[in-house]
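Here's the structure, in structure tokens; my notes come after.
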Amino acid sequence: MATLPFGFLEGTGFEQLDPRFKGCIPGPERVQRLWTGARWCEGPAWFAAHRTLVWSDIPNNRMLRFDEVNGTVGTFREPSNNTNGNTVDREGRLVSCEHLTRRVTRTEHDGTITVLASHWKGKRLNSPNDVVVHSDGAVWFTDPSYGILSDYEGLKADSEIGACHVYRIDPASGEVERMADDFVKPNGLAFSPDGTLLYIADTGASHAPDGPRHIRRFRVGPYAKRLDGGEVFAECTSGLFDGFRLDTEGRIWTSALDGVHAYHPDGTLLGKILLPERVANVCFGGPKRNRLFICATTSLYAITLNAKGA
């Protein structure tokens with residue numbers, strides 16, 4: 001039986017597929033497991049002001065909070081309306097996708113909840129999944145049907161819209177506008193560092209064997225109110241892409257079945273951070289924004305990179 005290198009957790013490691021990956025991982029770095037005990041970890045969001053990470057445990061209907069200063073984990077919100085994806089807006093407020101209530105909400109600085117989106121053209125959304133905020137303040141989110149397919153992480157119901165789309169919430173008017181309508185199950189999404197590109201995952205293969213398991217790349221049109229292109233950027237080689245984030249060099253760090261996959265902006269799979277659990281989502285944090293927090297099934301992991309979050 002092979003002996004693990006000193007300091008490595010069982011099931012963790014690195015797989016270099018391109019020489020450029022070597023410089024992304026500091027020589028002595030190892031993956032840490034910060035906490036375990038969830039049923040399905042998702043949607044990590046970093047709050048720099050108080051050095052905490054908030055994430056979702058969807059089936060357990062709660063949100064958890066990790067304090068980087070003292071290493072403790074506690075309950076942030078319970079019940080959480082089966083919240084899935086989270087992000088932090090330009091004013092430091094939490095923006096969340098709630099499966100149970102089928103809406104996108106914002107937690108204000110005083111703790112009150114503002115509903116940003118619940119309907120499109122008078123019809124209820126399916127189950128908002130992941131969310132990002134553009135530099136202009138607009139909130140973009142995906143709306144697959146996972147939260148209404150069963151009672152496991154939402155409430156089983158029929159789709160009123162009849163399809164799964166990508167939407168934009170205008171920062172001035174609050175209007176919800178459909179931005180892409182050719183996805184099977186739109187999932188994770190993230191902007192390039194300069195905001196001119198939008199990457200969106202399609203996890204349609206989760207319920208259709210021949211469905212998509214890729215990330216598509218769009219050009220963000222004038223005034224960030226239109227998407228052009230939409231070519232396939234990368235096909236997942238292990239399971240499905242779910243959530244992902246970009247670093248300042250435009251590399252994509254994305255979830256997959258066997259860990260986190262790192263892609264160069266030219267589409268090359270550089271390498272993998274291997275984990276013993278299926279990964280759902282990631283985000284950058286820490287004082288230098290070079291700490292990659294990883295939500296993987298039952299646990300929260302982290303690793304310090306030679307890369308900073310965009």
Side-chain angles (χ1 to χ4, degrees), residues 7-16 21 24-26 29-48 51-60 63-68 71-73 76 83-88 129-132 187-190 199 201 203 215 234 236-247 251-263 269-310:
F8 272 88
L9 290 171
E10 186 175 358
T12 67
F14 308 110
E15 183 178 345
Q16 179 178 310
F21 185 64
C24 295
I25 309 294
E29 188 57 14
R30 306 288 188 268
V31 174
Q32 290 180 281
R33 183 184 287 118
L34 302 177
W35 179 88
T36 191
R39 289 166 73 188
W40 181 246
C41 290
E42 251 284 11
W46 172 257
F47 290 85
R51 293 177 62 183
T52 60
L53 183 88
V54 169
W55 79 98
S56 304
D57 180 6
I58 308 175
N60 281 327
M63 297 170 72
L64 300 163
R65 178 174 52 200
F66 167 71
D67 188 324
E68 187 185 50
T72 60
V73 170
F76 174 76
T83 289
N84 187 336
N86 301 283
T87 194
V88 180
N129 187 285
D130 206 355
V131 58
V132 289
N187 206 310
L189 74 172
Y199 297 84
T203 51
I215 292 175
C236 192
T237 59
S238 178
L240 301 171
F241 296 128
D242 195 333
F244 55 90
R245 288 293 180 260
L246 278 76
D247 64 26
R251 290 174 295 230
I252 291 181
W253 299 82
T254 179
S255 59
L257 177 64
D258 57 353
V260 177
H261 294 191
Y263 282 87
L269 177 57
L270 300 174
K272 303 178 181 182
I273 302 171
L274 301 175
L275 291 168
E277 303 183 76
R278 181 171 58 170
V279 176
N281 216 328
V282 303
C283 82
F284 284 92
K288 300 178 181 178
R289 294 196 64 81
N290 63 343
R291 190 87 165 137
L292 188 69
F293 291 98
I294 305 166
C295 284
T297 312
T298 67
S299 308
L300 176 69
Y301 297 86
I303 182 172
T304 299
L305 302 175
N306 285 330
K308 292 186 177 183

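For the atom pair Gln32 CD and Arg291 CZ, the distance stands at 4.5 Å (nearest 0.5 Å). Atom OG1 in Thr297 sits 8.5 Å away from atom CG in Leu257 (nearest 0.5 Å). Atom CD1 of Ile215 is separated from atom CG of Leu240 by 11.0 Å, given to the nearest 0.5 angstrom. Expressed to the nearest 0.5 Å, how far OG1 of Thr12 lies from CD1 of Ile294 amounts to 10.0 Å. Interatomic distance, His261 NE2 to Glu15 CD, rounded to the nearest 0.5 Å: 8.0 Å. With values rounded to the nearest 0.5 angstrom, Trp35 atom CH2 is found 12.5 Å from Thr72 atom OG1.
A side-chain donor-acceptor contact under 3.5 Å links Asp57 to the backbone of Arg39. Remark: side-chain polar atoms of Ser56 are not paired, donor with acceptor, to backbone N or O of Gly43 under 3.5 angstrom. Checked by atom type and distance alone, the side chain of Ser255 pairs as donor or acceptor with a backbone atom of Asp242 at under 3.5 Å. Side-chain atoms of Glu29 come within 3.5 Å of backbone N or O of Thr304 as a donor-acceptor pair.
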Would you list the atom pairs, donor with acceptor, under 3.5 Å between side chains in residues 271-281 and any protein atom, with sequence neighbours excluded?
from	atom 1	to	atom 2	distance (Å)
Lys272	NZ	Asp258	OD2	3.0
Glu277	OE1	Thr298	N	2.9
Glu277	OE1	Thr298	OG1	2.5
Glu277	OE2	Thr298	OG1	3.3
Glu277	OE2	Ser299	OG	2.8
Glu277	OE2	Tyr301	OH	2.7
Asn281	ND2	Glu42	OE1	3.1

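Side-chain contact between Trp55 and Val73: present, with at least one pair of heavy atoms (C-beta onward) separated by less than 4.5 Å. Tyr263 places a side-chain heavy atom less than 4.5 Å from the side chain of Phe241. Side chains of Leu53 and Leu300 form a contact here, defined as non-hydrogen atoms less than 4.5 Å apart. Proximity of Phe284 to Leu292: side-chain heavy atoms (C-beta onward) are separated by under 4.5 Å at one or more points. Counting heavy atoms from C-beta outward, Tyr199 and Phe244 have side chains that approach closer than 4.5 Å. In this structure, Lys308 and Asp247 have side chains that are not in contact, with every pair of non-hydrogen atoms separated by 4.5 Å or more. Between Asn86 and Phe76 the shortest side-chain heavy-atom distance does not fall below 4.5 Å. Side-chain contact between Leu305 and Ile25 is present, with at least one heavy-atom pair separated by less than 4.5 Å.
When all heavy atoms of Pro44 and Cys295 are compared, the closest pair comes out as CD-SG, 3.7 Å. Taking all atoms of both residues into account, the shortest heavy-atom contact from Ala307 to Trp253 is CB-CZ2, 4.3 Å. Closest approach of Leu189 and Arg245 over heavy atoms only: O-NH1, 3.2 Å. Ala38 and Cys41 get closest at one heavy-atom pair: CB-SG, 3.4 Å. Closest of all the heavy-atom pairs between Glu68 and Gly286 is OE2-CA, 3.8 Å.
Residues Trp46 and Phe293 bring their aromatic ring centres within 6.0 Å.
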